[in-house]
Amino acid sequence: MSNLEQTLSIIKPDAVERNLINEIKKIFTSNKLAIKETKKIHITKDEAAEFYKVHQSKPFYNDLCGYLSSGPIVVMILEGEDAVIKNRKIMGSTDPKDAEENTIRKLYGISIDKNSVHGSDSVENAKKEINFFFKNGQ
Ligand code: CMP
């Protein structure tokens with residue numbers, strides 16, 4: 001049975017800065033994740049704090065919000081079969097040093113903070129995160 005889903009993906013400042021946008025997009029599309037929407041933006045620290053609110057009690061929260069707002073990012077809606085879990089497999093473990101071979105974070109991640117990409121961790125959060133960046137489908 002088919003299970004078409006959408007998920008939110010972010011190419012983080014470290015990867016945008018190193019001109020990895022096209023390489024990373026190619027990894028998604030060659031794994032049958034269609035890019036339905038994409039935009040390059042530069043968010044404020046307050047917006048990053050709102051986006052990462054689930055992590056507000058974590059010791060790394062302040063640095064995380066500072067980092068996501070430190071430079072341009074690319075936010076995308078990815079669509080495909082089991083898109084949420086598929087995107088997480090393609091990204092690899094949060095810490096690039098633990099990431100599996102050929103995952104985005106293994107290929108391009110620098111550190112647990114500068115780990116090149118973010119992806120929604122559940123269908124429920126994907127809906128919230130897509131809505132956060134693409135309110136009227138924009
Ligand atoms: P991301 O998938 O965007 O979700 C939250 C981010 O917090 C995560 O990727 C990491 O880049 C960052 N982070 C920093 N320190 C940690 C940590 N100790 N555990 C998990 N995530 C961390």
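Atoms within each ligand, like the ligands themselves, are counted from 1 in listed order. Computed over heavy atoms, backbone and side chain alike; hydrogens, waters and symmetry mates excluded.
Ranked by closest heavy atom to atom 10 (C) of ligand 1, the top entry among I112, D95, D121 is I112. Between atom 22 (C) of ligand 1 and the options F60, Y61, Y67, the minimum heavy-atom separation is to F60.
For ligand 1, the atoms lying closer than 4.0 Å to a non-hydrogen atom of H55 are 4 (O), 5 (C). Listed by atom number, the atoms of ligand 1 under 4.0 Å from Y52 heavy atoms are 1 (P), 3 (O), 4 (O), 5 (C). Residue K12 approaches ligand 1 through these ligand atoms, each under 4.0 Å from one of its heavy atoms: 1 (P), 3 (O), 9 (O), 11 (O).
A distance-only check finds no donor-acceptor pair linking the side chain of N115 to the backbone of S111 [under 3.5 Å]. Within the 3.5 Å criterion, the main-chain N or O of G119 finds a donor-acceptor partner in the side chain of R88.
A donor-acceptor contact closer than 3.5 angstrom links the side chains of T38 and K25.
Cation-pi geometry between K39 and F134 is met: the NZ or CZ atom falls under 6.0 Å from the ring centre, inside 45° of the normal. Judged by the 6.0 Å distance and 45° axis criteria, K135 is positioned over the aromatic ring of F132.
Residue-level proximity to ligand 1 for D113 is carried by backbone and side chain together, each with a heavy atom below 4.0 angstrom. Heavy atoms of R88 found under 4.0 angstrom from ligand 1: none, in either backbone or side chain.
For atom 6 (C) of ligand 1, the closest non-hydrogen atom of the protein is L64 CD1, 3.5 Å. Nearest non-hydrogen protein atom to atom 8 (C) of ligand 1 is T94 CG2, 3.7 Å.
Between I10 and F133, the closest side-chain pair of non-hydrogen atoms falls below 4.5 Å.
Under a 4.0 Å N-O distance rule, the pair K26/E23 does not qualify as a salt bridge.
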